[in-house]
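Have a look at the structure below, then the notes.
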Protein chains: 2
Amino acid sequence: MDADKVFKALADPTRRTLLDRLYEKNGQTLGQLCEDLDMARQSATQHLGILEEANLVSTVRRGREKLHFINPVPIHEVYERWVRKFEHRRLSLLHDLKKELEGE
Amino acid sequence: MDADKVFKALADPTRRTLLDRLYEKNGQTLGQLCEDLDMARQSATQHLGILEEANLVSTVRRGREKLHFINPVPIHEVYERWVRKFEHRRLSLLHDLKKELEGE
DNA sequence: ATAATATGCAGGTAAATGCCTGCATGTCAA
DNA sequence: TTGACATGCAGGCATTTACCTGCATATTAT
């Protein structure tokens with residue numbers, strides 16, 4: 001997993017919207033995903049390219065259409081490496097913080 | 001939570017390193033965190049500023065030193081909003097993908 | 001075959017990012 | 001009080017990002 005690519009891909013509201021839309025309906029075409037996006041198709045294409053580069057989305061060509069599918073693997077890996085670890089010590093980290101903010 | 005700020009903050013290797021270091025030893029000063037970072041102190045300060053803006057790190061001034069503490073809340077919120085959702089449908093999403101890659 | 005449809009590719013621009021240097025301020029210790 | 005130490009602030013520069021327009025290619029339907 002390339003954490004840089006994954007986090008960078010997630011660090012844009014348009015791309016998160018695209019993921020949410022695919023979550024609602026997996027396998028949409030580029031055209032479908034562009035609707036109501038309020039930007040040129042070419043811009044959305046670039047966003048989808050970044051999601052693909054990060055492996056968050058995989059595509060399949062069907063005729064003249066390009067279908068987009070969520071790949072849940074990188075998000076799972078982010079969870080394993082970056083989230084679970086902090087969740088595990090979450091309460092003790094909160095305790096550190098609270099104690100210090102109260103002034104020692 | 002400002003998902004944009006949180007993901008952007010996480011989308012840089014230096015900042016992830018800083019978080020890892022704080023995870024190892026919470027409450028370090030700016031000076032301690034800069035050691036072995038291979039960049040000017042001012043650059044590291046900017047990175048820490050971004051982590052603070054995203055609320056991933058909180059700071060307390062003690063004399064001439066500035067102590068840094070991990071704030072686990074935003075990561076927890078990212079988990080709730082962006083990870084758990086996809087984890088929940090993880091296997092069915094993987095199934096969609098596999099089926100399509102195999103060609104229908 | 002031809003027109004309509006779906007996507008790809010090339011380049012251009014304004015703004016954001018990540019790094020730097022130089023200097024200012026504030027705090028502690030001798 | 002004075003020098004050393006820890007951090008803050010301002011500006012400059014190269015690269016990346018996110019958007020655009022214009023044109024090219026490939027597929028389907030008539």
Side-chain angles (χ1 to χ4, degrees), chain A residues 2-22 25-69 100-101 103-104, chain B residues 2-22 25-69 100-101 103-104:
Chain A
D2 186 330
D4 236 74
K5 285 188 181 174
V6 175
F7 282 121
K8 274 191 180 139
L10 292 170
D12 179 278
T14 301
R15 294 194 284 268
R16 292 195 301 274
T17 297
L18 286 167
L19 276 186
D20 272 342
R21 293 226 183 139
L22 282 179
K25 186 171 185 302
N26 213 1
Q28 294 186 68
T29 67
L30 174 59
Q32 291 177 302
L33 288 169
C34 286
E35 287 174 14
D36 308 315
L37 255 203
D38 201 40
M39 67 175 59
R41 171 186 56 82
Q42 288 89 334
S43 307
T45 302
Q46 288 182 331
H47 284 298
L48 286 165
I50 287 169
L51 289 169
E52 239 185 300
E53 268 289 304
N55 242 298
L56 287 161
V57 162
S58 294
T59 61
V60 176
R61 196 85 202 220
R62 188 160 69 195
R64 63 183 162 184
E65 293 181 325
K66 190 174 184 181
L67 307 184
H68 298 74
F69 293 85
E100 199 64 32
L101 291 178
E104 194 67 17
Chain B
D2 186 330
D4 236 74
K5 285 188 180 174
V6 174
F7 281 121
K8 275 193 178 135
L10 292 170
D12 179 279
T14 301
R15 294 193 284 268
R16 291 196 301 274
T17 297
L18 285 167
L19 277 186
D20 273 343
R21 294 227 181 138
L22 282 179
K25 186 172 186 302
N26 212 1
Q28 293 187 69
T29 67
L30 175 58
Q32 290 176 303
L33 288 169
C34 285
E35 286 174 14
D36 306 315
L37 255 203
D38 202 39
M39 68 176 59
R41 170 186 57 82
Q42 289 90 334
S43 307
T45 302
Q46 288 182 332
H47 284 298
L48 286 166
I50 288 169
L51 289 169
E52 238 184 302
E53 268 290 303
N55 243 298
L56 287 162
V57 163
S58 295
T59 61
V60 176
R61 196 84 202 223
R62 187 159 71 195
R64 63 182 161 182
E65 293 180 327
K66 189 175 183 181
L67 307 184
H68 297 73
F69 294 84
E100 199 63 33
L101 291 178
E104 194 68 12

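Since the structure is predicted, the reported quantities are computational estimates derived from the model, not experimental observations. To find a chain, count down the sequence lines: A is the first, B the second, and so on, and within it residues start at 1.
- Going from atom CG of Leu33(B) over to atom P of dG8(D) covers 12 Å, rounded to whole Å.
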Might you list the N or O atoms of the protein lying below 3.5 Å from N or O atoms in nucleotides 25-28 of chain D, with each pair's distance?
residue: dT27(D); atom: O2; partner: Arg64(A); partner atom: NH1; Å: 3.2

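- The side chain of Met39(A) sits closest to dC19(D) out of dC20(C), dT7(C), dC19(D).
- Between the CD atom of Gln28(A) and the P atom of dA6(C) there is a distance of 14 Å, rounded to whole Å.
- Using modelled atom types, no side-chain atom of Glu100(B) and backbone atom of Val60(A) make a donor-acceptor pair closer than 3.5 Å.
- Between Asn55(A) and Asp2(A), the closest side-chain pair of non-hydrogen atoms is not below 4.5 Å.
- The NZ-P distance, from Lys66(B) to dG8(D), rounds to 4 Å in whole Å.
- Residues Leu56(B) and Leu10(B) have side chains in contact (heavy-atom distance under 4.5 Å, counting atoms from C-beta outward).
- Of the two residues contacting DNA chain D, namely Gly31(B) and Ala11(A), the nearest-nucleotide position lying further toward the 5' end is that of Gly31(B).
- You'll find that the side chain of Ala40(A) is closest to dC20(D), out of dG18(C), dT7(C), dC20(D).
- In this entry the distance linking CG of Leu67(B) with P of dT7(D) reads 8 Å, nearest Å.
- Phosphate contact (OP1/OP2 of dC20(C), side-chain N/O of Ser43(B), threshold under 4.0 Å): present.
- One atom, CG of Leu37(A), and another, C1' of dC20(D), lie 15 Å apart when rounded to the nearest Å.
- Screening Asp12(A), Val6(A), Leu19(A) for a side-chain contact (heavy atoms from CB on, under 4.5 Å) involving Leu51(A) leaves a single residue, Leu19(A).
- Between the P atom of dA16(C) and the CD1 atom of Ile50(B) lies a distance of 13 Å, rounded to the nearest Å.
- Tested against Glu52(A), the residues Lys66(A), Arg15(A), Lys5(A) include a single salt bridge (charged side-chain N to carboxylate O under 4.0 Å, His left out) partner, Lys66(A).
- Leu30(B) places its CG atom 19 Å from the P atom of dT25(C), with the value rounded to the nearest Å.
- Contact annotation: Lys8(B) does not reach the phosphate of dT17(D) (side-chain N/O to OP1 or OP2, under 4.0 Å).
- Judged by distance alone with a 3.5 Å cut-off, no donor-acceptor contact links the side chain of Gln42(A) to the base of dC19(D).
- Residues Leu30(B) and Thr59(B) fail the side-chain proximity criterion, which asks for heavy atoms closer than 4.5 Å.
- Atom CD in Gln46(A) sits about 12 Å away from atom C1' in dG12(C), given to the nearest Å.
- Within the 4.5 Å cutoff, the side chain of Leu67(B) has heavy atoms near those of the Thr29(B) side chain.
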